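If you're wondering where the values come from, they're calculated on a predicted model, not measured in any experiment.
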Amino acid sequence: QVQLVESGGGEVQAGGSLRLSCAASERTLRRYAMGWFRQTPGKEREFVAAISGIGVNTYYSDSVKGRFTISRGSANNSVYLEMTSLMPDDTAVYYCAARRMATAATAQDEFDYWGQGTQVTVSA
């Protein structure tokens, strides 16, 4: 069973930055597309960013484009989300996800493995 573990969440003031990390239990995930989603209470989980298996292609939601950057680690079994210019609306639990295909996706039902989530709180 593939395990994903997120870290790096916390509380930051508006305008600040955070870097989320997601470590996978298997190196074979270097071939898989990975993504970040987020969820706030009472709302559906929403897509944030995704990266293809080789790391060539990246995708972002309109709400984070230009502020967030998704990347893969050198060993390729890790993925990161660099978040800058954070706003209170970015407050959510952030989830890492992996897809058993190299092609990136933006819908949560296209991902096969999920982490437990890490809380990000942005204060005004």
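- Here the side chains of Q108 and Y95 are not in contact, with every heavy-atom distance at 4.5 Å or above.
- In the hydrophobic clustering of this structure, L20 does not group with F47; members are Ile, Leu, Val, Met, Phe, Trp, Tyr whose side-chain heavy atoms approach within less than 4.5 Å, directly or through other members.
- The minimum heavy-atom distance linking A124 with A14 is given by the pair CA-CB, 4.3 Å.
- In this structure, the side chains of V120 and R38 stay at 4.5 Å or more apart for every pair of heavy atoms.
- Hydrophobic clustering (ILVMFWY, side-chain heavy atoms < 4.5 Å, transitive): Y80 and L86 are in distinct clusters.
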Decide side chain to side chain contact (heavy atoms under 4.5 Å, CB included) for I51 and R72; before the verdict, give the C-alpha distance in whole Å, the side-chain angles of both, and the deciding distance to 0.1 Å. CA-CA 8 Å; I51 189 166; R72 303 188 79 109; 3.5 Å; yes
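- Between T91 and T40, the closest side-chain pair of non-hydrogen atoms is not below 4.5 Å.
- Summarising the local packing, CD of Q119 is surrounded by more than 12 heavy atoms from other residues, nucleotides or ligands at distances under 6.0 Å.
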Let me see the working for W36 and C22 under side chain to side chain contact (heavy atoms under 4.5 Å, CB included), right down to the final yes or no. CA-CA 9 Å; W36 288 95; C22 174; 3.7 Å; yes
Which is it for M34 and L4 under the side chain to side chain contact (heavy atoms under 4.5 Å, CB included) test, yes or no, and what are the steps along the way? CA-CA 11 Å; M34 299 188 74; L4 302 174; 4.0 Å; yes
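- Sequence neighbours left out, the pairs with a member in residues 6-20 that pass salt bridge (charged side-chain N to carboxylate O under 4.0 Å, His left out) are R19-E82.
- Panel note: side chain R99, backbone A33; no donor-acceptor pair is recorded below 3.5 Å.
- V12 and L81 fall within the same hydrophobic cluster, defined by Ile, Leu, Val, Met, Phe, Trp and Tyr side-chain heavy atoms under 4.5 Å apart, directly or through other members.
- At a threshold of 4.5 Å between non-hydrogen side-chain atoms, the residues F68 and D90 count as touching.
- Following chains of ILVMFWY side-chain contacts shorter than 4.5 Å, one cannot reach Y60 starting from M87, and the two form parts of different hydrophobic clusters.
- Checked by atom type and distance alone, the side chain of S85 never pairs as donor or acceptor with a backbone atom of G15 at under 3.5 Å.
- If you chain together hydrophobic residues whose side chains sit under 4.5 Å apart, Y113 and M101 never meet in one group.
- Heavy atoms from other residues, nucleotides or ligands lying under 6.0 Å from CD of Q3 number 12 at most.
- Proximity of a side-chain donor or acceptor of S52 to a complementary backbone N or O of A104 within less than 3.5 Å is not detected.
- Taking the six-membered ring where the residue is Trp, F111 and F37 present perpendicular rings, their angle passing 60° and hence far from 30°.
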